[in-house]
Amino acid sequence: MNFKKDLAAILFELLDQEISATELELMIEKPKNQELGDLAFPCFTLAKLKRKSPNLIAQELSEKLHSPTFEKVEVVGAYLNIFLNKKTVSEEVVIEILQQQEKYGALEFGKGGQVTIDMSSPNIAKPFSMGHLRSTVIGNSIALIVEKCGYQPIKINHLGDWGTQFGKLITSYQLWGDVEKVKQNPIKELLTLYIKFHEEAETNPSLEDQGRSWFKKLEDGDEQALSLWQWFRDESLKEFSRIYELLNVEFDSLAGEAFYNDKMDRIVQLLEEKQLLVESNQAQVVELTEEQLPPCLIKKSDGATLYATRDLAAALYRKENYNFALSLYVVGHEQSLHFKQLIAVLEKMGFDWAQKMHHIPFGMMLKDGKKMSTRKGKVVLLEEVLTESIAMASHSIEEKNPNLANKAEVAKQVGVGAVIFHDLKNNRMNDIEFSLEDMLRFEGETGPYVQYSYARACSILRKANWDSELQTAAYNNAWDKEWKVVSVLMEFSHSIKRACENFDPSQVAKYVVDLAQAFNKYYAEVKILEENAEQQSRLALVDSVTVVLKEGLRLLGLEAPKEM
RNA sequence: GUCUCAGUAGCUCAGUAGGAUAGAGCAACAGUUUCCUAAACUGUAGGUCGGAGGUUCGAAUCCUCUCUGGGACACCA
């Protein structure tokens, strides 16, 4: 069902095989405006080759261009505009969707390859902020998209569960902590203790030493330190899992920073063997002057390891355990330099698979135009936002559909959907100014809008007692009013491909909005349930819209309630 | 200072392996429900694509310079 390819093959012959079909296929474009046609072929570049005016070439080609799938061919200036046969194509598309169901749009180019995705990665004992939301939601959608393209995704939550802050936290807990309080509200209480530590440390610098010494004990395997650390970790994870459940995100691995503690010596040793380690200001670094990057710090002057060391160990571990085809890191753009260095060091070590690693950066969540900081307490908590959004969805339901059966469940799906969609609909690199108002908007280009479109379509099928098994109903209309919808339906796979190639879920988000818009227009214009000869074909179209909307939403991590 | 990302309608953004008259949503204004869920649909208005050069049949898109804003740049992650 690749009409571009068909057209390219025909043009290849008509142009005396002077330009390859693949090249021609790349030249074919979609007209800006559907009234101009479904496919367009600009003839400007042919002018030199054929030594004729482009307009004349277009004219000549149009006279020779014939195919049963083309309804007509028009010439506008140097453009060859092709109109597809609406009836043939529409029936083909609709039947394909109804037969393939949720498999529609799937691709195979990733067949079998494993893709590790480093995502979410919140810090233990700290609140799950809006910043972590981005990594979680983008990573989750990329996992789903990559899977749709044949890969096997492995979602890794690289937890921030190690570091000097745990020494500080243990110190603070020993001095002012309370078991019950922590159990009741772990993250909030641990954060309070962490903040208190910093406040007290300003007047009592010896606390810093205590913190360091507790972290040393932790590293040395001190039982008391270790059990406290384990406890903090467990309690934090319990709380995170509540959020992950709301977001409907699961992980294949929770191997965080602590997991790599015993795997770093090997990296340092390897670097030494390859003579890449250089001493600089008492620290051990890998020089990256040829790569025009600042040196990468491997060991501090006191011999302790660093972030980069840990990530090197993690990269190697992932290669050896998953033998990834791609290794993705969904981490904020602030860390771009770090990942450039990381990949450069691995390449220097002779690991050609370093090229399979990709940093997937994204813009920041800003508050008043500035980065949000945990210290100033100016951090927005994701859970509060989600709760608020669900409440708002609930309110809308009471207003618009009070007789709905499972209100609470639907409110959750819609409320959470609004938040996720808001994050995914734009290019990842854009910074987002935090605005509850924008996030909880349910009209226009939003998650709820798409979900609503889906619910409407489902409602029609329900009213019609549509039997989805009837995949070959009589299709007998002109497919004129439905053409816009059909032409969007057939673009699904293309949007998935783009999303996968660029690791960009917004491609799918935009697609799903396009489809919802086309459907809503159709819905307003045509009375679908009208009982006439063409009713069955309209219902088949509506059914195929529900299939694609639902699958598109799924790829973004949103649910699709049948009623709302 | 170096590197990096961004600058398109009042606001939020699409569009960037060069193509036709630069598109949506929100907000504003005017409409649409005896009829399939109005979380919808229709219409009006809104633009020096930050600026200046260049490349060419053609530039929001590519190159150079420049202005503005965000971010990163050695012992945090």
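Predicted model only: the values in this text are computed from it and were never measured. Heavy atoms only: backbone and side chains are in, while hydrogens, waters and symmetry mates are out.
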Heavy-atom neighbours of A:Glu399 CD exceed 12 at 6.0 Å | yes
Touch class at under 4.0 angstrom, heavy-atom based, for A:Val526 against every strand present = base
Taking a pair as Watson-Crick or G-U wobble with both distances under 3.5 Å, which nucleotide is matched to B:U44?
-> B:A28
Just checking, is any N or O donor in the side chain of A:Arg538 or A:Asn477 under 3.5 Å from an acceptor N or O on the other one?
-> no
Short side-chain N/O contact from A:Lys32 to OP1 or OP2 of B:A20, under 4.0 Å = yes
Paired to B:A20 by Watson-Crick or G-U wobble criteria (both distances under 3.5 Å) is none
How about A:Lys510 and A:Ser506: does a side-chain donor come under 3.5 Å of a side-chain acceptor?
-> yes
Does NZ in A:Lys50 sit with more than 12 non-hydrogen atoms of other residues, nucleotides or ligands closer than 6.0 Å?
-> yes
Scoring nucleotides 71-77 of chain B by protein non-hydrogen atoms under 4.0 Å (B base, S sugar-phosphate only, - none) yields SSSBBSB
Checking all strands, does A:Ser459 fall into the base, sugar-phosphate, or nothing category for heavy-atom contacts under 4.0 angstrom?
-> base
Does the side chain of A:Gln292 get closer than 4.0 angstrom to OP1 or OP2 of B:U4 through an N or O atom?
-> no
Reckon A:Thr45 touches a base, only the sugar-phosphate, or nothing at all at heavy-atom distances under 4.0 Å?
-> base
If pairing requires Watson-Crick or G-U wobble contacts with both distances under 3.5 Å, which nucleotide is the partner of B:U2?
-> B:A72
When we call it a touch if two heavy atoms are under 4.0 Å apart, what does A:Asp161 touch: a base, just sugar-phosphate, or nothing?
-> nothing
Base-pairing mate for B:A60 - Watson-Crick or G-U, with both contacts under 3.5 Å | none
Base-contact (B) and sugar-phosphate-only (S) positions in nucleotides 27-34 of chain B, heavy-atom cut-off under 4.0 Å, - elsewhere | --------
Would you say A:Tyr449 reaches B:A24's phosphate, i.e. side-chain N/O to OP1/OP2 under 4.0 Å?
-> no
N or O in side chain of A:Lys400 less than 4.0 angstrom from B:A39 OP1/OP2 = yes
B:A14 phosphate, OP1 or OP2, under 4.0 Å from A:Asn430 side-chain N/O = yes
Distance-only donor-acceptor test (3.5 Å): side chain A:Asn520, base B:A39 | no
Listed by chain and number, what are the side-chain contact (heavy atoms from CB on, under 4.5 Å) partners of A:Ser394, not counting sequence neighbours?
-> A:Ala411
Should the ring pair A:Phe519 and A:Tyr522 be called parallel, tilted or perpendicular, given that the plane angle runs from 0 to 90° and is split at 30 and 60?
-> tilted
Tell me, yes or no, whether the heavy-atom count around A:Gln292 atom CD, taken from other residues, nucleotides or ligands under 6.0 Å, exceeds 12.
-> no
A:Tyr260/A:Tyr317 aromatic ring centres below 6.0 Å = yes
Just checking A:Asn427: base, sugar-phosphate only, or nothing, at a heavy-atom cut-off of under 4.0 Å?
-> sugar-phosphate
Is any side-chain N or O of A:Arg428 closer than 4.0 Å to OP1 or OP2 of B:C5?
-> no
Using a heavy-atom cut-off of under 4.0 Å over every strand shown, decide if A:Lys510 touches base, sugar-phosphate, or nothing.
-> sugar-phosphate
Under 6.0 Å from the NZ atom of A:Lys407, do we count more than 12 heavy atoms belonging to anything else shown?
-> yes
Side chain of A:Pro31 (C-beta onward), nearest among B:C57, B:A20, B:A38 | B:A20
Considering residues, nucleotides and ligands other than A:Glu279, do more than 12 of their heavy atoms fall under 6.0 Å from its CD?
-> yes
